There are 2 protein chains.
Amino acid sequence: MPTILIVDDEEDLRDLVAQRLEREGFKTLHAADGLTGQKLATKKKPDLIVLDLMMPGKDGITVCRDLRKDSRTSKIPILMLTARSGLDEKITGLELGADDFMTKPFSPKELVLRVRNILRRTLSIDAGSTVEVGEFRLDKNSLKLHLAGEEVDLTSTEFKLLLSLIEAPGTVRERGELLQQVWGYSEQIQTRTLDTHIKRLRAKLGDFGSCVETVRSVGYRFVGPSDQPEG
Amino acid sequence: MPTILIVDDEEDLRDLVAQRLEREGFKTLHAADGLTGQKLATKKKPDLIVLDLMMPGKDGITVCRDLRKDSRTSKIPILMLTARSGLDEKITGLELGADDFMTKPFSPKELVLRVRNILRRTLSIDAGSTVEVGEFRLDKNSLKLHLAGEEVDLTSTEFKLLLSLIEAPGTVRERGELLQQVWGYSEQIQTRTLDTHIKRLRAKLGDFGSCVETVRSVGYRFVGPSDQPEG
DNA sequence: TTCCAATGTGACGGATTTGTAAAGAAACTC
DNA sequence: GAGTTTCTTTACAAATCCGTCACATTGGAA
């Protein structure tokens with residue numbers, strides 16, 4: 001679960017945004033709890049910092065600069081919030097190392113989108129773009145498979161194939177469907193390409209290769225843990 | 001019965017997809033009936049929205065964004081359809097909160113699969129894909145039989161045969177009907193294939209083999225618990 | 001009971017499908 | 001353009017499934 005540090009001075013933002021982010025499955029920290037002066041106080045680094053530039057007490061620009069200087073926080077992406085929409089401010093913000101920029105007023109929905117966006121780039125974690133079934137985690141953006149914690153190297157064709165299978169766990173995907181979906185072939189073309197890729201995919205899945213089951217003269221089927229015999 | 005709202009501008013999509021979905025046991029609504037401007041007009045919320053991005057008149061992205069902003073519709077999963085397969089568009093779509101994404105051209109079959117897929121995740125129901133009678137549970141998607149908790153391996157022919165029998169528990173299926181339905185044979189062809197498969201099926205059903213009864217010179221009949229001779 | 005047609009049963013051969021490995025073709029990288 | 005990676009095709013081996021046969025058994029009609 002990604003952690004987001006919110007640095008601001010306004011109660012309303014804290015409530016609105018934090019609640020929203022938490023509902024979307026993020027963990028939030030607040031400046032008061034997470035920062036001492038301009039230094040990060042928590043043990044665990046947040047995955048993203050939401051920084052409000054318009055803070056009555058402090059100077060957001062300075063905070064940002066300091067965050068960037070500190071080796072512990074310099075790599076953490078920053079999403080900046082500002083009241084004015086001045087172009088210079090925006091440029092300054094991006095110069096300072098902000099990863100994205102939002103002008104008030106904004107909808108919480110949009111904030112969540114931008115947060116997701118940044119995290120996708122930096123963590124390749126995004127609820128909408130990953131498919132998780134059992135030990136399998138497929139990330140559609142990075143085209144990577146994490147299997148039981150280990151990263152497995154798949155080619156793009158293998159990835160698409162596995163994705164097609166895994167998107168409907170337990171369901172038999174007909175050969176024609178797969179050829180259509182993965183290769184864009186017409187459904188009744190005669191080729192052994194599919195078989196070959198299935199074999200290679202199974203090999204790369206190692207012990208989990210048996211999760212890809214053959215349904216003779218129909219197609220293939222992905223069987224995850226929940227669909228295993230005795231599920 | 002899950003309701004699906006289709007937001008598009010094309011007659012063909014409406015007909016093709018809607019008819020297919022309805023045949024699969026879903027109820028469909030159309031944008032014209034279900035949306036006023038970008039707001040949901042119907043009383044009953046749909047369980048899923050199928051949104052076509054390529055609409056001559058409207059801007060699909062905007063429609064999507066608005067749907068997401070409206071608290072009444074923000075939680076409803078969206079399946080996006082698009083003509084181009086551009087990655088940015090895909091990412092934009094997912095950012096906007098679409099739950100899945102399909103690029104035209106696609107097969108209606110695949111659409112149904114994805115719809116099922118999303119609904120399974122969100123509603124954890126799957127319309128009409130399983131037939132349950134007594135200890136027997138047949139899943140048309142996975143082509144698997146669960147019998148008294150145990151998974152039984154059936155070939156696709158055996159599966160079709162059992163399905164034909166079990167869809168009308170207690171009713172006698174004539175040999176001709178079965179040959180027609182399972183093998184596509186003409187009804188009065190002379191063959192022992194049916195007998196052989198019945199035998200193999202019974203063997204695989206083990207103790208439950210007796211649920212498949214012979215009706216001499218007519219055909220076969222599946223007898224579940226409630227239809228057993230002995231109450 | 002006797003007889004006959006229908007069905008059960010086991011085994012076989014063949015056809016089809018899939019697994020597997022390796023080689024050729026295409027795409028991509030440097 | 002050489003070398004690497006990935007994809008596709010090809011060829012052969014292995015597995016699976018199917019349909020038919022021969023024979024045994026059953027059940028009902030005469």
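The analysis underlying the following values was restricted to heavy atoms, covering all of them including side chains, and did not include hydrogens, waters or symmetry mates. Keep in mind the model is a prediction, meaning the values are calculated, not measured. Chain identifiers are assigned alphabetically (A, B, ...) following the order of the sequence lines, protein sequences preceding nucleic acid strands; residue numbering begins at 1 within each chain.
C:dT16 atom P lies 15 Å from atom CZ of A:R175, rounded to whole Å. Straight-line distance from the CZ atom of B:R202 to the P atom of C:dT9: 7 Å, rounded to whole Å. Between the C1' atom of D:dA15 and the CG atom of B:D153 lies a distance of 14 Å, rounded to the nearest Å. Remark: C1' of D:dC18 and CG of B:L154 are 15 Å apart, rounded to the nearest angstrom. Rounded to whole angstrom, the span from the CZ atom of B:F159 across to the P atom of D:dC17 amounts to 15 Å. In this structure, B:K204 places its NZ atom 16 Å from C1' of C:dT9, rounding to the nearest Å. Note: CG (B:L205) to P (C:dG8) measures 14 Å, nearest angstrom. One interatomic measurement links the two molecules: CD of A:E174 to P of C:dT18, which rounds to 12 Å at whole-angstrom precision.
For the pair A:D195 and A:R175, the minimum side-chain heavy-atom distance is below 4.5 Å.
Taking only side-chain nitrogens and oxygens, B:Y220 never comes nearer than 4.0 Å to OP1 or OP2 of C:dA6. For D:dC7, the OP1/OP2 oxygens have a side-chain nitrogen or oxygen of A:S156 closer than 4.0 Å. Remark: B:W183 is not in phosphate contact with D:dC18, judged by side-chain N or O atoms under 4.0 Å from OP1 or OP2. Close to D:dC7, at under 4.0 Å from its OP1 or OP2, lies no side-chain N or O of A:Y185. A:T214 has no side-chain polar atom (N or O) that falls below the 4.0 Å cut-off from OP1 or OP2 of C:dT18. For D:dT16, the OP1/OP2 oxygens have no side-chain nitrogen or oxygen of B:T155 closer than 4.0 Å.
For A:R216 and D:dT16, a side-chain-to-base donor-acceptor distance below 3.5 Å is present, hydrogens and geometry of angles not being considered.
At least one donor-acceptor pair closer than 3.5 Å links the side chain of A:T191 to the backbone N or O of A:T193.
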Original post:
Step by step, would you call B:W183 with B:I189 a side chain to side chain contact (heavy atoms under 4.5 Å, CB included)?
Top reply: CA-CA 11 Å; B:W183 283 270; B:I189 203 172; over 6 Å; no
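Residue B:L161 is tested with B:T155, B:I166, B:L194 for a side-chain contact (heavy atoms from CB on, under 4.5 Å); the sole match is B:L194. When B:E177, B:E213, B:E174 are each tested for a salt bridge (Lys or Arg N to Asp or Glu O under 4.0 Å) with B:R221, only one passes: B:E213.
Atom-to-atom distance recorded for A:E135:CD and A:D207:CG is 11.5 Å, nearest 0.5 angstrom.
B:K204 NZ: more than 12 foreign heavy atoms inside a 6.0 Å radius.
Shown for residues 189-200 of chain A: residues whose heavy atoms fall under 4.0 angstrom of DNA chain D, namely A:T191, A:R192, A:T193, A:T196, A:H197, A:R200.
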